[in-house]
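Since the structure is predicted, the reported quantities are computational estimates derived from the model, not experimental observations. Atoms within each ligand, like the ligands themselves, are counted from 1 in listed order.
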Amino acid sequence: MALAGSAIGLGNIWRFPYMVGEYGGAAFIVVYIVATALVSLPVFVAEVMIGRRSGRNARQALAVLAPGKPFWNALGFLPVLIPLLIASYYSVIGGWSVEYFLDACSMKFVTTPPEEVGGLFGSFITSAWAPVVTHLVFLFLSVAIVAIGVQKGIEKFSKVSIPVLFVLIIVIIFYALSLPGSGEGVRYLLQPDFSEVTPRTFAYAMGQSFYSLSLGMGIIITYGSYMKKSESIFASSTATAVSDLSFALLAGLAIMPAVFAAGIEPGAGPGLIFQSIPYTFCKMSAESPFLGTLVSAAFFLTIIVAAMTSCISLIEVGTAYLTERFGLRRPAAAFLLFFICGGIGVLCSLSFGPLAGFTVFGKNLFDLFDWFASNILLLLMALLSVIFVGFVMKKEDVRDEFTNGGTLVRSSKVFGIFYFLIKWVAPVALVLIFISNFIL
Ligand code: PHE
């Protein structure tokens, strides 16, 4: 559940539907599924394996598995720094959801005319104070759960929140499908148009799948280090990938019909869930203020919960490192990270308002971090993980870890395929995608 909690997040609700919208509807989904099965899943397995085999945090895992190899030891810093960077801007979006949840509860969607609700987003994120405060509140709550501990905090929270998420999203789908004109949205999502598939589709589908499974960030290594030796890495990894994909599809089904019913452009970008969806909520509230308030509050609560389990996993990477390496107490480590990520996050938040003039390569800080982390660092780290498992670890050790010493029948059967995917297919695909980021 904790693995699923990390994977299921804003990537599924915020990024996936707009990616589908922008890059070819169902054709994108087909490419996405193939990319997940052939590349992301093997990378996922490789990362869990590094974590469980070493039993260490992301910083020290590679060093423990390859003693006396300074290159791999030095690399360990990467998976500790990447999550901090991502947590900083990720919690800003978490903060936006907190704001929208509060708006829903205070019946703002009942009192605002539908035509004006889209504009609220712009004025909210460009203001100085409100988004900074909600960002810090969101981050504080995530850090508090990490501080409580892995089993009592993270696992407990995930065990409750992940099933709740599925229920909430299904409730919203029922509502979305009952809207007049929603059929168009379902068709848009489920009818493939392969003429839309270009090399770019592959690069973006791959990138999205990586982001969605929280790969290349040390998270899966860290969570893998907590996994029992008796558990099947193959089964847990597949279960995570399947729940992540199902949730992404469900989120698409909850969002696209409403987008079409409201007559909104489906490729509207990240603003889709904060601008287009509230339009539907306003319409709904005009007919029934009670239902409108209830569904909109449920929707933004879903986003908060999904984002929080992911943010928790980001914070856990650094926390594990600080406690295992420096012997800090868990709460001290977690709250230290609160100050670091909170501080950087404030700058990201302000980059839509007062700091909007400060840009690098034409991107504000928030976009710069997102781009740098998801298109560059994450691919690099994932590439290193598969190379490590494929070429540095001994094949016998990899088999031993994958099959739990030969005791898992199903894992033993698929080992050959996975080993091939990890060693050859994933590295080649990753290099191609990395290059394509610069030329497409
Ligand atoms: N996988 C999470 C999602 O889909 C996002 C995430 C990204 C989590 C990066 C951790 C790190 O939203």
(Q) I want to check a possible cation-pi pair here: R59 against F77, using under 6.0 Å from ring centre and within 45° of the ring axis as the test. (A) yes
Q) Between R15 and Y211, is NZ or CZ placed under 6.0 angstrom from the six-membered ring centre and within 45° of the ring axis? A) yes
Taking only heavy atoms of [X], which atoms of ligand 1 are found under 4.0 Å from at least one of them?
X    : result
S310 : 2 (C), 8 (C)
I219 : 10 (C), 11 (C)
S6   : 1 (N), 2 (C), 8 (C)
L314 : 10 (C), 11 (C)
M217 : 7 (C), 9 (C), 11 (C)
G11  : 3 (C), 4 (O), 12 (O)

(Q) Can you tell whether the side chains of R56 and E324 come within less than 4.0 Å, N to carboxylate O? (A) no
Q. Do the two ring centres, one from F299 and one from F101, sit under 6.0 Å apart?
A. no
Q.
Below the 3.5 angstrom mark, is there an N/O of S313, backbone or side chain, next to an N/O of ligand 1?
A.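 S313 vs ligand 1: no N/O contact under 3.5 Å.
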(Q) Keeping S349 on the side-chain end and V346 on the backbone end, is there a donor-acceptor pair under 3.5 Å? (A) no
**Q.** Flag for N57-T222: side-chain donor and acceptor within less than 3.5 Å
**A.**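 No.
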Q: Check whether the side chains of S214 and S6 place a donor and an acceptor atom closer than 3.5 Å, and report yes or no.
A: yes
Q. Would you call F16 a ligand 1 contact, heavy-atom distance under 4.0 Å?
A. no
**Q.** Proximity of Y90 to ligand 1 by residue part, where a heavy atom lies under 4.0 Å
**A.** side chain
